[in-house]
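Labels below follow one simple rule: chain letters A, B, ... track the order of the sequence lines, proteins then strands, and each chain is numbered from 1.
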2 protein chains.
Amino acid sequence: MLSKKTKYGLKAIVYIARQECNTPVQIATIAESESISLKYLESILLTLRKSGFLGSKRGKGGGYYLLKNAKDIKVSSLMRILEGPIAMVPCVSLNFYEKCDDCPDENACAVHNLMLEVRDSTLHIFNNKSLADLIS
Amino acid sequence: MLSKKTKYGLKAIVYIARQECNTPVQIATIAESESISLKYLESILLTLRKSGFLGSKRGKGGGYYLLKNAKDIKVSSLMRILEGPIAMVPCVSLNFYEKCDDCPDENACAVHNLMLEVRDSTLHIFNNKSLADLIS
DNA sequence: CTATTTCCCTATCGGATTAGTAGGCTAATA
DNA sequence: TATTAGCCTACTAATCCGATAGGGAAATAG
């Protein structure tokens, strides 16, 4: 299940990406428009900024803006920052790999192989979609 | 993230499906072989029985056995019983649909459309895979 | 008939995570 | 100097998950 953090984060960055001329958008504007708790959204945008997706400007007329072209932001990288692993099981994760305690042989594990297939197909979607694709 | 319940449940039913002549398998046997807490596994197998996948036999020589041919048990139906919705977001779920509180227009929601695509590809895998496919 | 085996069922619990809140701080601008 | 708007840390309520406890009931063996 997708966390609200991810859902809110995606909606917010899509909102920001829709601005013309990359004008900074205030947190409060997004929060109101997307019905997201302001303080919670604040922390989400903070992590998106610390991850290098967004820049920020303080004081009057401030807000958040994209640091890169929307075409160059892959959905998969957004998902990894917001949600964490894309795989449903750590033992098939590329970026968050972890061995199972049980399961002596991964290749013989039915769950492993099934989830490997799911991860591939999901990743294929996320890797081939950019923020720009989400806007329209 | 896949819950342990699902992981254990899948491993267990795969174990049961591997038996020759559909001989009943005891909970304890599976628990030991797959390193699963016995009591926890007990409750998982109970739900699989109540959902019509497994039959049970009590007393000596008892245990769990498949009620249908492994070919006729789709992974998607197992997933729905064990894990719940296959979709990452309720608003794109076929069997567990729920409208978002926020989001006035689903078709205009970037997250909705993205997750719709993911659900389709995941479901495609789960629908076209049976328990028999997991065994080998 | 009795003992043993094995599944049946309900209740409970600790720990982790999530979503959200509070509140003060700091930089930029007017 | 006042105001605006993001920065940052800490805290909390609620929920869920994985696991545990413990007795009950049916089937079988002897």
With a non-hydrogen cut-off below 4.0 angstrom, is A:Ile27 in contact with a base, only sugar-phosphate, or nothing?
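Result for A:Ile27 = sugar-phosphate.
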How many Å lie between [atom1] on [X] and [atom2] on [N], as a whole number?
{"X": "A:Leu41", "N": "C:dT18", "atom1": "CG", "atom2": "P", "answer": "18 Å"}
{"X": "A:Tyr8", "N": "C:dT21", "atom1": "OH", "atom2": "P", "answer": "10 Å"}
{"X": "B:Leu2", "N": "D:dC16", "atom1": "CG", "atom2": "P", "answer": "18 Å"}

Mapping A:Lys60 and A:Leu38 onto DNA chain C by nearest heavy atom, which one lands closer to the 5' end?
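So the residue in question is A:Leu38.
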Can a donor-acceptor pair under 3.5 Å be found between the side-chain atoms of B:Glu42 and the base atoms of C:dC7?
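Donor-acceptor pair under 3.5 Å: no.
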Between the base of C:dT26 and the side chain of A:Arg58, is there any donor-acceptor pair under 3.5 Å?
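Result: at least one qualifying N/O pair found.
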Within less than 4.0 Å of OP1 or OP2 of C:dG20, is there a side-chain N or O belonging to A:Ser43?
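For A:Ser43, the contact criterion (side-chain N or O under 4.0 Å from OP1 or OP2 of C:dG20) is not met.
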When you check the phosphate oxygens OP1 and OP2 of C:dC9, does a side-chain N or O of B:Arg49 lie under 4.0 Å from one of them?
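For C:dC9, OP1 or OP2 has a side-chain N or O of B:Arg49 closer than 4.0 Å.
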Thinking salt bridges, do A:Asp102 and B:Lys11 make one under a 4.0 Å N-O criterion?
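Here A:Asp102 pairs with B:Lys11 in a salt bridge, since their nearest N and O are under 4.0 Å apart.
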Could you tell me whether A:Lys99 and A:Glu106 have a side-chain N and a carboxylate O separated by less than 4.0 Å?
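Result for this pair is no, no salt bridge flagged.
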Report the residue (A:Lys50 or A:Gly61) whose heavy-atom-nearest nucleotide on DNA chain D is the more 5′ of the two.
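Per heavy-atom nearest nucleotide, the more 5' residue is A:Gly61.
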Can you tell me if B:Ser3 and B:Glu83 form a side-chain donor-acceptor pair at under 3.5 Å?
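Note: B:Ser3 and B:Glu83 side chains meet the donor-acceptor criterion.
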Can A:Leu2 and B:Val111 be said to form a side chain to side chain contact (heavy atoms under 4.5 Å, CB included), step by step?
CA-CA 10 Å; A:Leu2 204 71; B:Val111 176; 4.1 Å; yes
